[in-house]
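One structure is given below, encoded as structure tokens.
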Amino acid sequence: MATDSSVDEVSSNSPVVLITGCSTGLGRALVLEAASQGLRVIATARKISAIENLRAPNIAILTLDVTASMSQLEDFANKALTVFGQVDILINNAGYPLVGALEEVSSDQTLGIFKTNFFGSLNVANVFLPHFRARHSGTIINISSMMPYITTPGSGPYTATKAALDSITKVWAGELAPFKIRVMGVSLGFTRTELLGSNLNTVENTVKNPIPDYTIVRELHEQVRALYGHEPNDVQKVAKRIFDVVLTHNELPVMFPLGDDAVTSADEYLNQRRSEFEKWKELGMGVSADD
Ligand SMILES: NC(=O)c1ccc[n+]([C@@H]2O[C@H](COP(=O)([O-])OP(=O)(O)OC[C@H]3O[C@@H](n4cnc5c(N)ncnc54)[C@H](OP(=O)(O)O)[C@@H]3O)[C@@H](O)[C@H]2O)c1
């Protein structure tokens, strides 16, 4: 077992990972897994008190609300870079769910979930990219979801944030390859965290005026609530697999379905899209300009 001094020794040369949303769930599991693999970790959360007990010789803690303004995020990045002198891996993990039909969720609620799940990841990455580009090195991991493969009724706003995140993950993969910056989106399946528990039904993400016609959405909400505590994937195994992939492979998949449910959903999605494409592709051709 490593002594305190050997932990410090390993830490001084090991990669530095910064993780958002570490108060519970996957963020917390990623912090513990990274530290156990000898990485130096900057754990962040909106409330520092929620991560105080993570503090360790190779784990620093900082306050971060990913919806902060760009100037606040730039200040945060400057501060984070002084902790260990560098950041090598950024994990955009912070996010929250919202269940409701697209028609009944208020535009403020939709904007709110985009501010965290989409703009939070985009903006936090953007304040670290100058550092990554200057060093011609760095890895961005965006924690997405299998929901863009499934597009279940009632998951609209949440799914849209993750689909948008997947889109910029793919664009970044091309834009950042010349700088040797790796980018990977994790299409995560249902995992045992607080997502479907205390964070599913907060006041700000509860539909204010449900439309009774949408029985299918209410049924889905009940199914999702009932899944809490019985999600098929184990959060610590998920965290371990993410680091196993990131630390042992030079080349990363742009999109990485994680969890048996996610792999099955991705497979079904790709088969359906391929068969629909084959059926309709002739009608999509033959509209070129005559010159
Ligand atoms: N669990 C699943 O089944 C599942 C499946 C697919 C994808 N995901 C994704 O996995 C990621 C982690 O979620 P989880 O499953 O670990 O759920 P969780 O236990 O609810 O954790 C979500 C974390 O995000 C943080 N957060 C929310 N808004 C934030 C903000 N504005 N700034 C900073 N942190 C914020 C929360 O912090 P507070 O305590 O401050 O609220 C919390 O620590 C999310 O992006 C989620 O969409 C989860």
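Below, all heavy atoms of this structure are taken into account, side chains as well, without hydrogens, waters or symmetry copies. Positions are given from 1, in the same order as the sequence printed here. Whatever order the structure lists ligands and atoms in, that order sets their numbers, starting from 1.
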Can Arg40 and Asp88 be counted as an ion pair, charged N to O under 4.0 angstrom?
no
A student checking ligand 1 against Tyr158 at a 4.0 Å heavy-atom cut-off should list atoms 6 (C), 7 (C), 8 (N), 9 (C), 46 (C), 47 (O)
Would you mind listing which atoms of ligand 1 come within a distance below 4.0 Å of any non-hydrogen atom of Leu195?
1 (N), 2 (C), 4 (C), 13 (O), 15 (O), 17 (O), 18 (P), 19 (O), 20 (O), 46 (C), 48 (C)
Atom 16 (O) of ligand 1 sits nearest the protein heavy atom Leu26 N, 2.7 Å
Starting from atom 32 (N) of ligand 1, what is the nearest protein heavy atom, named by residue and atom, and what distance separates them?
Val66 N, 3.0 Å
Residue selection (non-hydrogen contact nearest atom 29 (C) of ligand 1) among Glu231, Glu194, Arg46, Met146:
Arg46
Contacting atoms of ligand 1, where contact means under 4.0 angstrom from a heavy atom of Gly189:
3 (O), 5 (C)
What protein heavy atom is closest to atom 3 (O) of ligand 1, reported as residue, atom name and distance in Å?
Thr191 N, 2.8 Å
Would you say Thr24 has any N or O atom under 3.5 Å from an N or O of ligand 1, going by distance alone?
yes
With the side chain counted from C-beta on, respond yes when Leu39 and Ile89 share a heavy-atom pair under 4.5 Å apart, and no when they do not.
yes
Looking at atom 26 (N) of ligand 1, what's its closest protein heavy atom, distance included?
Ala94 CB, 3.9 Å
Donor-acceptor pair, Gln272 side chain versus Leu270 backbone, under 3.5 Å?
no
Closest non-hydrogen protein atom to atom 22 (C) of ligand 1, residue and atom name please, with distance?
Gly95 O, 3.5 Å
Dump the intermediate steps for side chain to side chain contact (heavy atoms under 4.5 Å, CB included) on Leu102 and Val105, then the final yes or no.
CA-CA 6 Å; Leu102 286 161; Val105 173; over 6 Å; no
Which heavy-atom pair separates Lys170 from Met255 by the least distance, and what is that distance?
CE-CG, 3.8 Å
Between Ser23 and Ala45 (side chain of the first, backbone of the second, donor and acceptor by atom type, cut-off under 3.5 Å), is there such a pair?
no
Check each atom of ligand 1 against the heavy atoms of Asp65 and keep those under 4.0 Å away; list them by number with element.
30 (C), 31 (N), 32 (N)
For ligand 1, which atoms have a heavy atom of Phe190 less than 4.0 angstrom away?
3 (O)
Donor-acceptor check, side chain of Asp261 to backbone of Phe190, threshold 3.5 angstrom: yes or no?
yes
closest protein heavy atom to atom 36 (C) of ligand 1 is Ser23 OG, 4.0 Å
Nearest-0.5 Å distance, NZ of residue Lys162 to CD1 of residue Ile143
8.0 Å
Without swapping roles, check the side chain of Thr20 against the backbone of Asn92 for a donor-acceptor pair under 3.5 Å.
no
What are the atoms of ligand 1, with element, lying closer than 4.0 Å to any heavy atom of Ser144?
6 (C), 7 (C)
For Gln37 and Glu33, does a side-chain donor sit closer than 3.5 Å to a side-chain acceptor?
yes
Gly21, any N or O under 3.5 Å of ligand 1 N or O
yes
Report, in ascending order of atom number, the atoms of ligand 1 lying under 4.0 Å from any heavy atom of Leu64.
32 (N), 33 (C)
With atom 45 (O) of ligand 1 as the reference point, say which of Asn93, Ile51, Leu188 has the nearest heavy atom.
Asn93
N/O separation below 3.5 Å, Asn199 to ligand 1:
yes
Report, in ascending order of atom number, the atoms of ligand 1 lying under 4.0 Å from any heavy atom of Thr116.
28 (N), 29 (C), 31 (N)
Atom 9 (C) of ligand 1 has as its nearest protein heavy atom Ile143 CG2, 3.8 Å
Under a 3.5 Å distance rule, please check whether Ser155 uses its side chain to pair with a backbone N or O of Thr151 as donor and acceptor.
no
Salt-bridge criterion met for Glu276 and Arg273 (N-O under 4.0 Å)
yes
Residues Glu222 and Arg218 bridged, charged N to O under 4.0 Å
no
Tell me which protein heavy atom sits closest to atom 15 (O) of ligand 1, plus the residue, atom name and distance to 0.1 Å.
Thr193 OG1, 2.6 Å
